[in-house]
Amino acid sequence: MKPSDPVTALHRVGPAAARSLARLGISSVGDLLLHMPMRYEDRTRFVPLREVEIGQSCLVAGELVKSNFAYGRRRSLTATISDGAGFLTMRLFHFSRRQLEALRPGVWLRCFGEVRAGPAGREMVHPEYRVTPTRPDAPEPALTPVYPATDGFASARIRACVEQVLDADVTLDGSVLPGERIPSLDAAVLFLHRPPADATAEALGLARERVAKDELLAHHLLMRERQKLRARQSTTPLPRAQGLGRELLRSLGFRLTGAQRRVVSEVLNDLDSPAPMMRLLQGDVGSGKTVVAAFAAIRAAEHGCQTAIMAPTEILAEQHYETLSGWLSPLGIEVSLVTGRLAAGERRARLAQIACGEALVVAGTHALFQGSVEFASLALTIIDEQHRFGVHQRMQLRQKGDLPHQLVMTATPIPRTLTMALYADMDVSVIDELPPGRPAVHTSVVSSSRRPEVVDRLISACRTGRQAYWICTLIEASDSLDSQAAENVAKTLRDAASGLRIGLVHGRLSATERAQAMAGFKNGDVDVLVATTVVEVGVDVPNASLMVIDNPERLGLAQLHQLRGRIGRGRRQSDCILLFDPPISDIARARLGVMRETSDGFVIAEKDLELRGPGDILGTRQTGLQTFKVADLARDAALIPSVVEMGARLEAPVRRTIIDTWSPFFDDSYVEV
Ligand code: ADP
Ligand code: MG
């Protein structure tokens with residue numbers, strides 16, 4: 001058996017089991033090896049009944065001295081065992097006739113479960129138990145791992161699968177890292193699945209960290225390798241040409257910030273060189289990334305070359321189209337738009353324009369990289385809100401040209417240490433300055449018991465000409481519940497304030513309806529836009545200066561920050577009200593506190609890492625960072641400097657082994673070359 005074999009290579013794992021495992025991200029034997037226990041149970045010794053403590057989960061054994069079938073409010077079956085010195089009761093609420101008959105005085109019981117205080121002393125309710133005629137066999141030799149499990153595939157079954165893999169001596173053939181307390185990856189993995197009876201929490205933590213480090217290292221090395229590859233490629237350089245950029249500068253109506261000027265020149269410098277650009281542009285919401293993209297597109301256009309700018313939503317693609325045509329059409333650069341909802345005839349006409357090279361800048365959604373879209377000379381691809389796209393989608397777009405330059409933009413502030421390790425394959429530019437004259441958004445955290453007050457406040461603000469967002473947060477699993485919530489809020493507002501113009505944007509509306517509502521809000525015909533988090537990304541309505549977020553406690557900090565970034569874009573003082581539904585956890589409260597205290601995206605990102613408990617998958621996904629199999633960026637960020645340092649001093653063959661060991665486990669966002 002090899003790590004790359006499918007899980008169905010194991011005994012008793014058929015297609016149905018494979019589907020359950022797939023839900024846990026496990027499809028190969030190697031995935032099982034890297035499916036880490038979340039905790040351990042100690043079944044390595046029988047705890048004397050006299051010593052068991054309330055709250056403790058433990059293994060016990062004893063002879064059954066009395067069983068009792070109790071009727072009453074809740075009928076239950078109890079069996080009291082004794083080991084000569086102490087007693088304990090097992091209580092079952094559900095049981096079969098066979099179970100009932102087997103529990104006769106004189107047999108022995110072996111139970112594992114949590115000890116609770118019962119009506120007649122200490123008891124275990126529905127423990128795992130086994131009945132034997134005599135004293136049971138020796139306990140387990142190793143700690144028992146408990147795995148993250150899924151419906152229909154419990155931890156015990158996963159454990160049995162992992163045991164099969166270990167019994168077959170399958171190894172990852174991983175690296176040996178010099179200077180590590182646990183030199184080999186395989187040793188650390190084995191230790192985690194079969195920890196010796198005396199393994200301490202510290203030793204287990206160390207082993208997990210060793211695996212995490214290997215994974216981060218592999219990723220880092222892969223990124224560096226990719227960067228070297230790229231440096232050897234060559235493409236059409238786009239040197240300074242007609243000076244159309246100067247004309248845009250004059251017509252913009254605002255002066256670029258220092259940060260924008262710096263970043264524009266970094267980008268133009270890259271374009272000047274034959275090595276294809278691969279630059280990540282980070283800039284907080286509202287920092288003005290679009291104009292940077294415009295300067296890059298102008299440079300390509302000056303050479304008669306095309307630029308594709310891809311956005312994750314139609315709303316945003318249309319916004320880019322409008323902004324860019326406003327800026328570029330006066331310079332004689334034709335801008336076009338491709339989304340999924342063009343009428344067939346219109347679509348054909350636009351595609352023809354793109355194929356013959358007449359449209360020099362093309363904004364669009366995913367529709368851009370479909371087979372039917374052909375470019376005459378695509379020299380630059382720009383991806384906005386990159387975390388919304390998989391890398392293979394970026395690749396598909398890139399393949400429309402001959403090694404085009406790439407600019408990927410993100411509003412997700414990524415802490416520096418992480419950028420260093422995770423984006424080692426890209427050059428990074430940061431816009432760390434907001435356009436001047438924008439007062440910070442004032443944020444308050446308000447309990448939903450004061451909802452009517454908030455409604456009143458919003459209504460009176462809108463009566464003075466302000467525009468407001470009301471955001472109904474998305475419960476990932478339930479787009480429709482959210483839409484319902486948005487409809488309810490819209491109704492409340494309509495009922496409470498006649499004459500106020502309310503727009504509605506949610507996932508259940510057609511794209512046309514959504515676009516109409518957005519357009520109405522943008523040009524001031526709508527006072528309040530009630531929306532689900534579909535407005536999160538990139539939407540720019542400078543006159544909007546008030547935002548209410550319903551149930552902000554459901555969202556990660558990164559997403560809250562994104563949402564709030566929709567306001568505070570004009571000169572007016574803006575307000576954000578986080579309307580939470582009590583009770584909320586301490587962590588949730590701390591998160592909202594961070595939102596109130598700061599609007600600096602980088603500070604928020606750091607706090608987010610700090611506050612997120614391990615295993616908070618939601619949080620990781622929301623920040624748009626790569627998720628790893630074992631490493632957890634919240635917990636393991638501190639490992640990164642040593643990962644980078646180790647990456648620099650490893651011998652080439654070791655680097656190769658590490659990359660080869662891990663590459664099969666990296667998802668598609670790694671496979672770009
Ligand atoms: P983001 O970085 O979030 O994509 P945008 O590019 O949408 O930000 O810019 C936000 C708003 O700020 C837009 O209305 C844009 O025209 C404006 N803007 C960009 N740069 C400047 C600047 N230097 N001075 C004033 N306004 C600017
Ligand atoms: Mg943007």
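Bear in mind the structure is a predicted one, so any value in this text is a computation, not a measurement. The residues of the chain are indexed from 1 along the displayed sequence.
The existence of a salt bridge linking Glu101 and Arg98 is excluded, since no basic side-chain nitrogen approaches an acidic carboxylate oxygen closer than 4.0 Å. Electrostatic pairing of Glu645 and Arg649 counts as a salt bridge here, judged by a charged N lying under 4.0 Å from a carboxylate O. Remark: Glu123 does not engage Arg116 in a salt bridge, criterion side-chain N to carboxylate O under 4.0 Å. We find that Lys213 and Glu215 are not joined by a salt bridge, their nearest charged nitrogen and carboxylate oxygen being 4.0 Å or further apart.
Nearest heavy atom pair, residue Met90 against residue Leu92, reads CE-CD1, 4.1 Å. Annotation for Glu140 and Thr144: closest pair CG-OG1, 4.2 Å, computed over non-hydrogen atoms.
At a cut-off of 3.5 Å, with distance as the only test, no side-chain donor of Asp550 or Thr473 sits close to an acceptor on the other residue. A donor-acceptor contact under 3.5 angstrom links the side chains of Asp42 and Thr44, judged on distance only. Ser76 and Arg91 share a donor-acceptor pair across their side chains, judged by distance under 3.5 Å alone. Residues Asp31 and Ser28 bring a donor and an acceptor atom of their side chains to less than 3.5 Å of each other.
Residues satisfying the side-chain contact (heavy atoms from CB on, under 4.5 Å) criterion with Pro133, sequence neighbours excluded, are absent altogether.
Between Phe46 and Phe112, the distance from one ring center to the other does not fall under 6.0 angstrom. Aromatic ring centres of His193 and Tyr40: separated by at least 6.0 Å.
Taking the centre and axis of the six-membered ring of Tyr129, the NZ or CZ atom of Arg110 falls outside the cone set by 45° and 6.0 Å.
Although no hydrogens or angles enter the test, the distance criterion places a donor-acceptor pair under 3.5 Å between the side chain of Thr200 and the main chain of Ala203. Thr598 places no side-chain N or O within 3.5 Å of a backbone atom of Val594 that could act as its donor or acceptor partner.
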